[in-house]
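In what follows, every chain begins at residue 1, and chains take the letters A, B, ... in the order their sequences are listed.
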Amino acid sequence: MEQELKELRRQIFLTGYSVNIAHIASAFSIVEILYSLYINHNLKYDSKNPNMENRDLFILSKGHGSLALYTILCKAGFFDKKFLASFCKPGSVLGGEPCIPHIPGIEATTGSLGHGLSLGVGMALAKKLDGKKEKVYVLLGDGECEEGTVWEAIMFAAHYKLDNLVAIVDCNKIQKMGSLEAIMSIPSWKERFLSFGWQVEEVNGHDVNALDQLFQKENNIGKPFVILANTIKGKGVSIIENDPRWHWRLPNKKELKTFTAELEISEEEIQTCRKAI
Amino acid sequence: MQKSYINSLYQLLKKDKNVISCLSDSGTDYDEMIAREFPNQVINFGIGENNKVAAAAGLASCGKIPFVYTTSAFLAYRSYEFIRNDVCIQNKNVKLIGMGSGLAWSTLGVTHHTTEDIAALKALPNLTILSPCSPKELEKCIHAAYEINGPVYVRMGMSNEMEIYPDDCTFKLGKNNVLLEGNRGTIFTTGSITSEVLSATKRLSDEGFSLEVVNISTIKPFDQQSVIEECKKNSVIFSVEEHNVIGGIGSSIADVIAENKLDVELIKIGLADTFAVGYGTHSQVLEMNRLDKNNIYEIIKNKLS
């Protein structure tokens with residue numbers, strides 16, 4: 001599994017590097033969360049029939065992590081590598097933020113922060129009203145939770161007892177301009193969610209087994225469920241880990257050596273990317 | 001119009017269990033009565049319009065037909081990005097019902113007025129905009145909105161609008177409606193100010209100025225053909241709206257005139273790039289802002305004399 005996770009990060013980096021754009025660090029922090037949902041099938045889906053009636057719904061509210069999601073969807077069989085390689089190139093439907101309706105496996109258009117959880121509560125409410133069993137999963141950034149709508153949705157989900165809703169907060173503790181602690185600190189995420197009436201679990205967001213256990217946990221106590229996933233922004237390449245400067249940046253020549261060494265990328269692969277640019 | 005909305009909504013809730021009335025603490029006693037009969041179809045989101053609009057898009061993704069009802073100022077302004085990103089970009093089957101449009105919240109002042117909503121919303125792709133002028137027409141608009149599989153904004157008034165259609169209302173989606181025929185000029189109007197226009201026109205008619213009055217009840221898609229026809233018939237065109245003259249129906253008419261090289265004069269009557277002022281009854285606030293029947297009468301008479 002370790003090798004698979006490294007391969008995913010390698011793919012994420014190479015796809016972004018070939019078009020000279022990407023929120024690489026934001027994508028790296030959610031790889032294990034998506035792996036647990038899609039590759040370990042904690043999410044119910046059929047990649048050959050993306051609109052399957054009784055599928056679970058997943059929304060990437062922090063849309064800028066799109067490359068991680070596209071790479072996972074590719075691995076899960078929603079589309080092939082050629083489709084993934086079209087990322088941000090003319091004629092492609094794969095952009096820097098997920099968009100419906102042309103990408104198999106994408107349920108919602110996101111990008112502007114603070115929309116995904118509200119979309120998710122609407123979906124979860126519809127499922128409840130219809131007596132359906134499917135779940136709705138929404139992955140948010142911790143910085144994203146500075147948007148007021150997120151808390152409107154949190155209140156709503158608790159009041160309407162949406163226990164078919166699972167929110168995962170990618171707690172990488174860093175936003176574009178610095179640490180959350182410096183910009184808009186939240187003393188305790190756990191207490192905050194508990195006080196809003198949610199069921200809360202904290203987990204190492206890079207521990208796939210621990211994530212699997214939480215996703216498989218029965219939730220029938222009439223509360224929405226939030227997983228606070230403690231992650232490292234930029235996880236997988238030492239020089240970008242926990243460094244806000246890498247929110248929207250690709251490596252220069254010198255820095256590239258660390259990427260190629262740690263992600264096991266060959267010179268030939270880098271040359272192929274350069275040709276593409 | 002509120003009573004008419006409630007009646008129409010009641011019919012739809014009864015007819016289709018997927019219709020959901022989405023309130024943000026914005027209902028009345030009638031809504032409470034309806035909620036008792038349809039507990040699973042009336043959802044109060046509390047005072048949080050943005051979550052409500054996005055959640056409505058989520059409901060629509062799962063086959064529901066949400067009717068999102070609140071004061072139009074809170075819908076069109078506060079929730080604009082949610083209307084754009086979640087409802088219009090994703091082309092969801094959400095009905096946005098803006099209540100108390102124009103200056104209808106006449107005692108509460110400018111925060112509650114909606115006088116730039118047409119300008120803001122008509123630039124959104126995928127959105128149909130309906131603007132009924134009377135309770136009967138509102139009923140037709142609500143049923144038409146239900147039949148459309150996509151986003152709709154209904155710009156409705158409040159509670160004391162006059163019924164201008166004596167028998168059956170002739171609403172047709174996407175088509176303007178000639179309310180009066182005349183040969184000295186054409187007045188295009190929309191929404192509840194139509195009754196002021198009709199009063200002004202009657203006085204003008206008594207004084208020998210025969211005017212055509214056209215009700216624009218579908219603001220988007222805009223009935224261009226109707227403008228072209230009126231411009232062939234009359235050389236002076238007026239637009240009257242409870243809205244800024246920038247970006248309202250007058251601007252839509254101006255586009256058609258320019259694009260078709262029509263040789264007419266256009267006089268736009270509305271708020272002259274200003275917020276409305278004053279407090280009082282709806283009629284009084286219209287008067288303070290020079291949008292009541294007497295002012296409309298004077299502007300038109302001066303032009304035609």
What is the distance from atom SG of B/C62 to atom CG of A/L125, rounded to the nearest 0.5 Å?
9.5 Å
In terms of heavy-atom proximity below 4.5 Å to chain A, should B/I43 be classed as side chain, backbone, both, or neither?
both
For A/P104, check side-chain contact (heavy atoms from CB on, under 4.5 Å) against everything at least two apart and list the hits.
A/P50, A/F78, A/F79, A/F83
Quick check on the structure: residues of residues 183-200 of chain A within a heavy-atom distance below 4.5 Å of chain B, by number.
none
Any B/I89 side-chain heavy atom under 4.5 Å of A/I100 side chain
no
Here's a test: name every donor-acceptor pair under 3.5 Å between chain A and chain B, with the distance for each.
| unit_1 | atom_1 | unit_2 | atom_2 | d |
| --- | --- | --- | --- | --- |
| A/T109 | N | B/Q90 | OE1 | 2.9 |
| A/T109 | O | B/Q90 | NE2 | 3.1 |
| A/S112 | OG | B/E81 | OE1 | 3.2 |
| A/S112 | OG | B/E81 | OE2 | 2.5 |
| A/H115 | ND1 | B/D86 | OD1 | 3.1 |
| A/H115 | ND1 | B/D86 | OD2 | 2.6 |
| A/H115 | NE2 | B/E81 | OE1 | 2.7 |
| A/S118 | OG | B/N51 | OD1 | 2.7 |
| A/D130 | OD1 | B/K64 | NZ | 2.5 |
| A/D130 | OD2 | B/K64 | NZ | 3.4 |
| A/E152 | OE1 | B/N51 | N | 2.9 |
| A/Y160 | OH | B/N44 | N | 3.3 |
| A/Y160 | OH | B/N44 | O | 2.8 |

Under the rule for ring-ring contact (aromatic ring centres under 6.0 Å, His included), what residues qualify as partners of A/F58, not counting sequence neighbours?
A/Y38
Check the surroundings of atom CE in A/M52: do more than 12 heavy atoms from other residues, nucleotides or ligands lie under 6.0 Å from it?
yes
Quick one: what part of A/I59 sits under 4.5 Å from any heavy atom of chain B, side chain, backbone, both or neither?
neither
Give me the atom names and distance for the closest heavy-atom approach of A/L119 to B/A57.
CD2-CB, 3.7 Å
Set out, in order, the CA-CA distance, both residues' side-chain angles and the distance that settles side chain to side chain contact (heavy atoms under 4.5 Å, CB included) for B/I20 and A/L129, then state yes or no.
CA-CA 10 Å; B/I20 309 282; A/L129 292 173; 3.8 Å; yes
What part of A/A108 lies closer than 4.5 angstrom to a heavy atom of chain B: side chain, backbone, both or neither?
both
